[in-house]
Peer 1: 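Please find one structure pasted underneath; my questions will follow.
Whatever order the structure lists ligands and atoms in, that order sets their numbers, starting from 1.
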Amino acid sequence: KAEVALNTAKESGSEYLIFSRELETSGEILEILKQIKDDLKNNRITVFFQPKVDLKTGYIKGAEALMRCSVPPAQAIPVMTRYGLLFDIGNLILSSSLRTLKNLLEEGYNISMAVNISISQLLDPRFLPKLKYEIEKAEIPPEKLILEVTESEATINLKQVFETIKELVNYGVKISIDDFGTGYSSLSRLKLIKAHELKIDTSFVRNLPESDEDKKIVKFILEISELLNMTSVAEGIEKREQLEFLKREGCSLGQGFLFSPAVPEEEFRKLLKKRFEV
Ligand code: C2E
Ligand code: MG
Ligand code: MG
Ligand code: MG
């Protein structure tokens, strides 16, 4: 499978060698690459927005920007990363999301915008200057931008990750730890990163409230976020019973198909007028 090949390439020291050898046998990766390049050429890479709902009030607190192209992000992003396309595409997503945020703030909606950033984007020396430039150009208060960082890779240059995050926090943008509990994130790393938000991965929400194990895990994550003064966000809420459990345990925000999937800006604007039943 393409994804396995990508991970193998990532984890090995000589990633280019192994990746290119896999390529010869993996038409799937090339097909994905071709589609991405096609999308780029035809301006078909866009951004949709999913609401982050306040579980106390039912109002939308913010949006999460999710990339949309002809390939699902989970497949597109590893290929973009490997072929050096993610930096530029990431910038497209970022500036487009900031434009939407700017519009919504000007219309009087007091919301934040969350953009997903992978570690490879974060570690690019061009990232921080570009981000500052975009924020200043759009004249947006930095604290309205949340960067959702996923630690899905056993990052080699941890020190550089921490330093970049520290600079970002000092600059004023907020950091959210995405998919907490799944990748390589650990409590010691969490303590070092002064993040503002902790996101409970879909995989822990899916079997609530039936699974005793997942109930314990979710309670534990909520305790950690409270201890560290972080906002907690549950992803993948599809059922009322999941919502009830999360509310009871004090989870601050929720996302999921129960409220809304990611939608285009115009549709998101309509959702902002709405109060969800929580
Ligand atoms: P994520 O940041 O954890 O985003 C949550 C994913 O769950 C999204 O998938 C979203 O559409 C999906 N989701 C939302 N509500 C529900 C629900 O109720 N049930 C289920 N089953 N799924 C739900 P999507 O859009 O396919 O994105 C997948 C991942 O790709 C994201 O996970 C994120 O890590 C990455 N990604 C997406 N857009 C970008 C981007 O612009 N840049 C980067 N670097 N990564 C991105
Ligand atoms: Mg995310
Ligand atoms: Mg997530
Ligand atoms: Mg997730």
Peer 1: Is the shortest distance from a heavy atom of Arg68 to ligand 1 less than 4.0 Å?
Peer 2: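 It does; at least one heavy atom falls under 4.0 Å.
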Peer 1: Report the member of Glu238, Gln255, Gln50 with the shortest heavy-atom distance to atom 20 (C) of ligand 1.
Peer 2: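 Nearest option to atom 20 (C) of ligand 1, by heavy atoms: Glu238.
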Peer 1: Would you say Arg206 contacts ligand 1, with heavy atoms under 4.0 Å as the rule?
Peer 2: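 Arg206: no contact with ligand 1 (<4.0 Å).
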Peer 1: One thing to verify: whether Lys102 and Glu106 come together as a salt bridge, which I'm taking to mean a side-chain N less than 4.0 angstrom from a carboxylate O.
Peer 2: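 A salt bridge links Glu106 with Lys102.
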Peer 1: In terms of side-chain geometry, is the basic nitrogen of Lys199 or Glu64 positioned less than 4.0 Å from the acidic oxygen of its partner?
Peer 2: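 Looking at Lys199 and Glu64, the cut-off is met.
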Peer 1: Just checking: Asp201, one of its N/O/S atoms, less than 2.8 Å away from the Mg ion (ligand 3), yes or no?
Peer 2: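 Coordinating: no.
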Peer 1: Whether Lys215 and Glu210 form a salt bridge (side-chain N of Lys/Arg under 4.0 Å from carboxylate O of Asp/Glu) is what I want to check.
Peer 2: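 The answer is no: the pair does not qualify as a salt bridge.
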Peer 1: With the Mg ion (ligand 2) as the reference point, give the N/O/S atom of Asp178 that is nearest.
Peer 2: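 The Mg ion (ligand 2) is closest to the Asp178 atom OD2, counting only N, O or S.
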Peer 1: Using a 4.0 Å cutoff against the non-hydrogen atoms of Gly256, which atoms of ligand 1 qualify?
Peer 2: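 Result: 15 (N), 18 (O).
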Peer 1: Output yes when Glu134 and Lys137 qualify as a salt bridge under the 4.0 Å nitrogen-oxygen rule, no when they do not.
Peer 2: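 A salt bridge links Glu134 with Lys137.
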Peer 1: Would you mind finding which of Leu122, Thr202, Asn116 brings a heavy atom closest to atom 42 (N) of ligand 1?
Peer 2: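 It is Asn116 that holds the nearest heavy atom.
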Peer 1: When you measure from the Mg ion (ligand 3) to each N, O or S atom of Glu235, which atom gives the shortest distance?
Peer 2: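 In Glu235, the N, O or S atom with the shortest distance to the Mg ion (ligand 3) is OE2.
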Peer 1: Name whichever N, O or S atom of Glu148 ends up nearest to the Mg ion (ligand 2).
Peer 2: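 Nearest N/O/S atom of Glu148: OE1.
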Peer 1: Regarding atom 28 (C) of ligand 1: of the candidates Pro73, Gly236, Ala262, which has the closest heavy atom?
Peer 2: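 Shortest heavy-atom distance from atom 28 (C) of ligand 1: Pro73.
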Peer 1: Tell me whether Glu31 at atom CD has more than 12 heavy atoms from other residues, nucleotides or ligands lying less than 6.0 Å away.
Peer 2: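 Atom CD in Glu31 is crowded, with more than 12 foreign heavy atoms closer than 6.0 Å.
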Peer 1: Restricting to N, O or S atoms of Glu64, which is nearest to the Mg ion (ligand 2)?
Peer 2: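 Of all N, O or S atoms belonging to Glu64, OE2 is the one nearest the Mg ion (ligand 2).
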Peer 1: Using a 4.0 Å cut-off to any heavy atom of Gln121, which atoms of ligand 1 qualify?
Peer 2: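 In order of numbering, the contacting atoms are 44 (N).
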Peer 1: Hey, is Lys52 close enough to Glu148 for a salt bridge, meaning N to O under 4.0 Å?
Peer 2: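 Result for this pair is yes, salt bridge flagged.
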Peer 1: Looking at Asp38 and Arg44, is any side-chain nitrogen of the basic one under 4.0 Å from a carboxylate oxygen of the acidic one?
Peer 2: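 Looking at Asp38 together with Arg44, the answer is yes, because their closest N to O distance falls below 4.0 Å.
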Peer 1: Counting from 1, what ligand 1 atoms have a heavy atom of Ile77 closer than 4.0 Å?
Peer 2: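 Reading through ligand 1 atom by atom, the close ones are 30 (O), 35 (C), 36 (N), 39 (C), 43 (C), 45 (N), 46 (C).
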Peer 1: Give a yes or no on whether Lys144 atom NZ has more than 12 heavy-atom contacts from other residues, nucleotides or ligands under 6.0 Å away.
Peer 2: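 Buried by this count: over 12 neighbours within 6.0 Å.
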Peer 1: Hey, is Asp54 close enough to Lys56 for a salt bridge, meaning N to O under 4.0 Å?
Peer 2: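 No, this pair does not count.
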Peer 1: Would you mind listing which atoms of ligand 1 come within a distance below 4.0 Å of any non-hydrogen atom of Ile93?
Peer 2: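 By the 4.0 Å cutoff, the relevant atoms are 41 (O).
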Peer 1: Side chain, backbone, both or neither: which part of Ile237 comes within less than 4.0 Å of ligand 1 when only heavy atoms are counted?
Peer 2: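 The answer is the backbone of Ile237.
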Peer 1: Counting heavy atoms not belonging to Phe220, are there more than 12 under 6.0 Å from its CZ?
Peer 2: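 At most 12 heavy atoms, drawn from other residues, nucleotides or ligands, come within 6.0 Å of this atom.
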Peer 1: Under a 4.0 Å N-O cut-off, is there an ion pair linking Glu266 with Lys270?
Peer 2: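 No, no charged N to carboxylate O under 4.0 Å.
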Peer 1: With heavy atoms only and a cut-off of under 4.0 Å, state how Val115 meets ligand 1: side chain, backbone, both or neither.
Peer 2: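 None of Val115 does.
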Peer 1: Counting backbone and side-chain atoms alike, does Asn116 have an N/O/S atom under 2.8 Å from the Mg ion (ligand 2)?
Peer 2: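 It does: Asn116 brings an N, O or S atom closer than 2.8 Å to the Mg ion (ligand 2).
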Peer 1: Nearest to the Mg ion (ligand 3), which N, O or S atom of Asp179 do we find?
Peer 2: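 Going by distance to the Mg ion (ligand 3), the closest N, O or S atom in Asp179 is OD1.
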